[in-house]
Undergrad: 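So that we are looking at the same thing, I have put the structure below in structure tokens.
In the text below, chain A, chain B and the rest are named by the order of the sequence lines, each starting its count at 1.
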2 protein chains.
Amino acid sequence: MDPVSAQNRRGDTALKILAAARDVFSERGFAGTTVDEIARRAGVNKATLYYQIGDKQTLYAGVILDVMGNAAEATASDLQDAPSPEEKLRTYIRNVAAAMDRNPWMPPIMLREMAAGGRNFPEAVTRGMAQIFSILGGIIAEGVRQDVLVAAPPLLVHLMIVGAFAFFKTSAPLRERQAGAGGNWLAGEDRVSGAVATEVERLVLRALRKTPGEAG
Amino acid sequence: MDPVSAQNRRGDTALKILAAARDVFSERGFAGTTVDEIARRAGVNKATLYYQIGDKQTLYAGVILDVMGNAAEATASDLQDAPSPEEKLRTYIRNVAAAMDRNPWMPPIMLREMAAGGRNFPEAVTRGMAQIFSILGGIIAEGVRQDVLVAAPPLLVHLMIVGAFAFFKTSAPLRERQAGAGGNWLAGEDRVSGAVATEVERLVLRALRKTPGEAG
DNA sequence: GATATTATACCAACCGGTTAGTTTAAACTT
DNA sequence: AAGTTTAAACTAACCGGTTGGTATAATATC
């Protein structure tokens with residue numbers, strides 16, 4: 001085989017392992033995952049896994065960074081294209097939704113890591129979170145200056161948005177199970193970009209938009 | 001010892017075990033928890049644990065039911081005392097917040113179970129959830145009829161509320177860690193009843209309240 | 001150009017420690 | 001006497017990590 005293909009094949013193995021690890025960790029969490037299962041799904045011997053990447057902890061750290069590391073950039077993208085604070089807020093929400101649809105491993109991993117107090121988040125991830133709040137805070141502040149939004153703590157606004165999306169995504173099996181038993185469980189919906197994001201947009205904008213005649 | 005005390009002490013052992021299990025499971029999740037650790041924390045021999053309750057799975061089911069089983073009643077309490085749909089909504093939100101403060105095991109266990117797709121929830125728990133949405137749906141519908149609220153899917157509204165509270169509670173260590181690095185992380189806050197609930201109330205009511213002159 | 005050497009990638013089998021769960025015999029309680 | 005608890009040992013299975021070794025191809029040596 002020529003050098004280029006050889007090069008490709010080398011990288012492929014590590015990527016296959018990381019992809020399998022991402023799958024299994026997001027399904028079962030760190031403690032519930034066995035290294036053997038990851039190796040099995042990657043179609044690779046366990047020793048190869050250790051040769052290519054390292055121990056379980058290292059593998060997990062790689063997955064966390066891969067899954068949670070781009071949150072800030074994803075959330076901030078297209079933001080400056082939006083003309084008004086309202087439009088920026090809409091874009092922000094749509095970006096969060098799109099990130100979760102594009103990256104379905106994020107919600108379960110995020111939920112489990114939050115359950116653990118976020119103690120396993122590498123510094124790059126927490127820095128990204130801080131950036132996100134800072135961006136949202138900027139949007140709200142700009143809206144307040146322009147007299148179109150009311151003040152609100154960005155942390156809570158963000159938690160409401162992310163909480164709704166993350167819970168919605170992970171509740172898909174639950175909603176499916178309950179679909180027959182009455183109530184509008186929005187069964188069959190697994191994406192949040194679309195109807196769900198539109199509704200969250202509407203609610204958040206109603207919450208933050210300054211109504212005409214409202215005191216400054 | 002008299003019969004009553006005897007009765008008490010017998011029940012006490014099982015309760016001690018369940019309390020320890022609740023602690024450990026909520027800290028480490030199902031897979032991350034060892035039965036020996038539960039027995040150790042309960043101050044009880046492992047054989048006693050198996051004698052009193054049963055295997056790890058049974059123990060976990062008991063904890064889930066204990067921690068998540070009263071959500072519906074807790075959320076619905078005091079609701080009929082509220083005069084208006086707006087007040088009912090406020091009570092609803094305050095009750096969710098109070099339930100999480102009173103029951104600090106709920107957020108981590110809920111997050112982890114949602115991460116697992118809610119597949120371990122006993123039927124009583126999912127029934128309770130359905131009841132909650134039905135209650136919230138009733139409040140909103142009443143508000144719409146009285147022309148004071150706008151329509152919104154109760155599922156999403158609930159997920160926003162619960163998501164914000166649950167994330168806020170579990171993020172306490174993270175917020176503590178980030179407190180020095182700038183940004184308003186609301187560090188030092190571990191309760192959601194109070195300032196956090198008040199803010200969420202405000203946001204949700206802004207989102208759902210029909211503004212004067214708004215089309216029906 | 002044939003032969004050794006090295007580097008890289010991979011694997012089957014194994015090892016040591018952990019964990020869920022059981023058993024037994026004795027003690028304590030009512 | 002019946003029910004409850006304990007200490008301690010034990011097992012079978014599991015799991016993270018390692019070892020010893022193979023295959024391949026590129027590089028160096030003669």
Side-chain angles (χ1 to χ4, degrees), chain A residues 1-64 109 112-113 116 119-120, chain B residues 1-64 109 112-113 116 119-120:
Chain A
M1 192 172 285
D2 67 288
V4 175
S5 307
Q7 194 79 5
N8 281 349
R9 194 165 52 183
R10 175 155 46 102
D12 271 2
T13 302
L15 289 182
K16 258 170 33 185
I17 294 170
L18 275 169
R22 202 178 43 187
D23 288 347
V24 184
F25 280 134
S26 85
E27 282 172 25
R28 308 206 208 276
F30 180 79
T33 292
T34 68
V35 177
D36 289 88
E37 170 75 2
I38 294 174
R40 202 186 59 72
R41 282 213 216 174
V44 149
N45 188 276
K46 186 159 62 157
T48 299
L49 185 153
Y50 277 88
Y51 173 79
Q52 285 283 350
I53 299 188
D55 64 9
K56 194 185 179 186
Q57 202 53 251
T58 306
L59 200 46
Y60 189 60
V63 168
I64 294 269
I109 285 184
R112 269 189 271 250
E113 282 310 313
R119 278 174 262 259
N120 298 320
Chain B
M1 194 172 282
D2 65 289
V4 175
S5 307
Q7 195 78 5
N8 280 350
R9 192 163 54 185
R10 177 153 41 101
D12 271 3
T13 303
L15 289 181
K16 255 170 36 186
I17 295 169
L18 275 168
R22 201 178 44 189
D23 288 347
V24 184
F25 280 134
S26 85
E27 282 172 25
R28 309 208 209 276
F30 180 80
T33 292
T34 68
V35 176
D36 289 271
E37 169 76 2
I38 294 175
R40 202 185 58 72
R41 282 215 217 173
V44 146
N45 189 274
K46 186 158 65 152
T48 302
L49 185 151
Y50 278 90
Y51 175 79
Q52 285 283 350
I53 297 188
D55 64 9
K56 193 185 181 187
Q57 204 48 253
T58 306
L59 199 46
Y60 188 61
V63 169
I64 293 268
I109 285 183
R112 270 189 271 249
E113 282 308 313
R119 278 174 263 261
N120 299 320

Undergrad: Between A:Thr33, A:Val63, A:Val44, A:Ile53, which is the residue that forms a side-chain contact (heavy atoms from CB on, under 4.5 Å) with A:Ile38?
TA: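 When side-chain contact (heavy atoms from CB on, under 4.5 Å) is applied between A:Ile38 and each of A:Thr33, A:Val63, A:Val44, A:Ile53, only A:Thr33 qualifies.
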
Undergrad: To the nearest Å, how far apart are B:Leu49 CG and D:dT4 P?
TA: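 The answer, rounded to whole Å, is 15 Å.
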
Undergrad: Over 60° means perpendicular and under 30° means parallel, so classify the ring planes of A:Phe25 and A:Phe30, tilted if in between.
TA: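 Aromatic pair A:Phe30/A:Phe25 classed parallel.
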
Undergrad: Calculate the interatomic distance between B:Ile38 atom CD1 and C:dG21 atom C1'; express it in whole Å.
TA: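 For the pair B:Ile38 CD1 and C:dG21 C1', the rounded distance is 13 Å.
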
Undergrad: Hey, is the side chain of A:Gln52 poking within less than 4.0 Å of OP1 or OP2 on C:dC10, counting only N and O atoms?
TA: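 Yes, A:Gln52 has a side-chain N/O under 4.0 Å of OP1/OP2 on C:dC10.
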
Undergrad: Go through the structure and list residues passing side-chain hydrogen bond (donor to acceptor under 3.5 Å, both in side chains) with A:Lys46, not counting sequence neighbours.
TA: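 A:Lys46 satisfies side-chain hydrogen bond (donor to acceptor under 3.5 Å, both in side chains) with A:Asp36 only.
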
Undergrad: Can you check each nucleotide of nucleotides 6-19 of chain D against protein heavy atoms at under 4.0 Å and return B for base, S for sugar-phosphate only, - for none, in 5' to 3' order?
TA: BB-------SBBBB

Undergrad: Listed by chain and number, what are the salt bridge (charged side-chain N to carboxylate O under 4.0 Å, His left out) partners of B:Glu37, not counting sequence neighbours?
TA: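 Salt bridge (charged side-chain N to carboxylate O under 4.0 Å, His left out) check on B:Glu37 returns B:Arg28, B:Arg40, B:Arg41.
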
Undergrad: Checking B:Tyr50 against B:Val35 for the side chain to side chain contact (heavy atoms under 4.5 Å, CB included) test, could you report, in this order, the C-alpha distance in whole Å, the side-chain angles of both residues, the deciding distance, and whether it holds?
TA: CA-CA 10 Å; B:Tyr50 278 90; B:Val35 176; 3.8 Å; yes

